[in-house]
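Report on one structure; see the data block that follows.
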Amino acid sequence: MCGRYASFRETQDLADAFAIDAALVDDRARELAPSWNVAPTDDVRIVVERGRKQDDGTTGPVERSLRVARWGLVPSWAKDPSVGNRMINARAESLLDKPAFTKPFAARRCLVPAEGYYEWRVVEPGTPATAGRKATRPRKQPYWITPADGDVAALAGLYEFWRDPSRGADDPLRWLVSAAVVTRAASDDLAPIHDRMPLVLPRSAWDAWLDPTVGKDEAAALLDVAPETMVTRTVSPLVSSVRNNGPQLLDPTDPGEPPCATP
DNA sequence: CCAGACGTTGTT
DNA sequence: GTCTGG
DNA sequence: CCAGACGTTGTT
DNA sequence: GTCTGG
């Protein structure tokens, strides 16, 4: 779950929403194209808090910034970045036991801004919506899921740095920043569509989640926040292919058959 | 000790 | 790097 | 997450 | 069926 989402809000709006100083918005974040179909391995915008490395080698005061990360956490020990292709999610329930996530959770938590995310539900042929039509193979019905309050969704994330051994000290691509989205059990409202959902943090939890001086024990308490209320609608299967993009992917479609938990 | 994994999802 | 399994 | 590939050699 | 790429 949470393997596809959308992030198309203007960078300045994001900076405002997360109280980020304009000077701390990375150029790459400004240049990143809006996307209605963000897929694993894509570059995404993340909100982080850390002290910048200063010229004298020491670390400066903690600052909140908007940066770019590759979706799919690449552990520091990875031999190549493809390891991150499958580390797109981190289960809240087991986070603390996973070597790949231990340090990121203790010190490198981030927020992944999203306008909403997608889930797919498998619809078997022969159900009321397809009755009378020619028998078909199961179909994957995508859903668009957004916060009910219309605000930006702040997905809890973890990030990591990976040093590319093939690049020299001066190469700006020497350090790859990558991130994973934390998942949890779905709320009762969303369970009929899917049993997992991203951890959407309420505004009241943002500061503590981002604060690198907040340790793992305190941060772990944030994993249990009450789920945000979300609204859903069916959208076109165009979104299923990562090659498609654009606001039309969010166009509502006839739901046909309502989701049901137990057939 | 060394070798090998390190992750989630969905589906059966 | 760090943990697990053998 | 879904879609799409799934392979090597030798030659250009 | 299972892995890789986006």
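Naming convention: chains lettered A, B, ... in sequence-line order (proteins, then strands); numbering from 1 in each chain. Both backbone and side-chain heavy atoms feed into the values below; hydrogens, waters and symmetry mates do not.
Residue A:R64 forms a side-chain hydrogen bond (donor to acceptor under 3.5 Å, both in side chains) with just one option from A:D21, A:D207, A:D211, and that option is A:D207.
Atom CE in A:M87 sits about 8 Å away from atom P in B:dC6, given to the nearest Å. The CD atom of A:Q141 sits 14 Å away from the C1' atom of D:dC2 (whole-angstrom rounding). If you measure from atom NZ of A:K103 to atom P of C:dC3, you get 10 Å, rounded to the nearest angstrom. At whole-Å resolution of the value, CG in A:L158 and C1' in B:dC6 are 15 Å apart. Between A:Y143 atom OH and D:dC2 atom C1' the separation is 17 Å, expressed in whole Å. If you measure from atom CG of A:D97 to atom P of B:dA5, you get 20 Å, rounded to the nearest angstrom. Remark: P of C:dG1 and CZ of A:R108 are 13 Å apart, rounded to the nearest angstrom. Per the geometry, CZ belonging to A:R196 stands 11 Å off P belonging to D:dC1, to the nearest Å.
Going from the C1' atom of C:dC3 to that of B:dT9 covers 24 Å, rounded to whole Å. A distance of about 15 Å separates the C1' atoms of E:dT2 and B:dT8, rounded to the whole Å. B:dA3 sits 29 Å from D:dC6 when the C1' atoms are compared, rounded to a whole Å. Using atom P as the reference point in both B:dT12 and E:dG1, the two lie 9 Å apart (nearest Å). If you take atom P in D:dC1 and the same atom in B:dT11, they sit 8 Å apart, rounded to whole Å.
The nucleotide whose nearest atom lies closest to any side-chain atom of A:R91 is, among B:dT9, C:dG1, D:dC2, B:dT9. Relative to the side chain of A:D42, the nucleotides B:dT9, B:dG7, E:dG6 differ in distance, and E:dG6 lies closest. Taking every side-chain heavy atom of A:R243 into account, D:dG4 is the closest of B:dC6, D:dC2, D:dG4. If you check D:dG4, B:dC6, B:dT9 against the side chain of A:A100, the one that comes closest is B:dC6. For A:P99, whose side chain is taken as the heavy atoms from C-beta onward, the closest listed nucleotide among D:dC2, C:dG1, D:dC1 is C:dG1. For A:S240, the listed nucleotide lying nearest its side chain is D:dA3; candidates were D:dC1, D:dA3, E:dG6.
Note on A:T183: a side-chain N or O is less than 4.0 Å away from OP1 or OP2 of B:dT9. Look at A:K140 and you'll find a side-chain N or O under 4.0 angstrom from OP1 or OP2 of D:dC2. For E:dT4, neither phosphate oxygen OP1 nor OP2 lies less than 4.0 angstrom from any side-chain nitrogen or oxygen of A:T41.
Nucleic acid contact class of A:F101 (heavy atoms, under 4.0 Å, all strands): sugar-phosphate only. In this structure, A:S94 reaches the sugar-phosphate backbone alone: every heavy-atom distance under 4.0 Å involves primed, P, OP1 or OP2 atoms, never a base. A:P75 comes within 4.0 angstrom of no nucleic acid atom, judged by non-hydrogen atoms across all strands. Within 4.0 Å (heavy atoms only), A:A180 reaches no atom of the nucleic acid at all. Using a 4.0 Å heavy-atom criterion, one finds that A:V83 contacts no nucleic acid atom at all.
By the 30° and 60° cut-offs, the orientation of the rings of A:F8 relative to A:W36 is parallel.
By the neighbour-count criterion of 12 heavy atoms within 6.0 Å, atom CG of A:D171 is densely surrounded, having more than that number from other residues, nucleotides or ligands.
Distance alone, capped at 3.5 Å, places no donor-acceptor pair between the A:R184 side chain and the A:L199 backbone. Formation of a donor-acceptor pair under 3.5 Å by the A:N37 side chain with backbone atoms of A:R4 is not found in this model.
For A:W77 and B:dC6, the ring-to-base geometry satisfies the stacking test (centroid distance below 5.5 Å, interplanar angle below 30°).
Base pairing annotation: D:dA5 forms a Watson-Crick or G-U wobble pair with E:dT2, both donor-acceptor distances under 3.5 Å.
Residues A:Y117 and A:P198 form a side-chain contact, since some pair of their non-hydrogen atoms from C-beta on lies under 4.5 Å apart.
Contacts of A:W120 classified as ring pair (Phe, Tyr, Trp, His ring centres under 6.0 Å), with partners at least two apart in sequence or in another chain: none.
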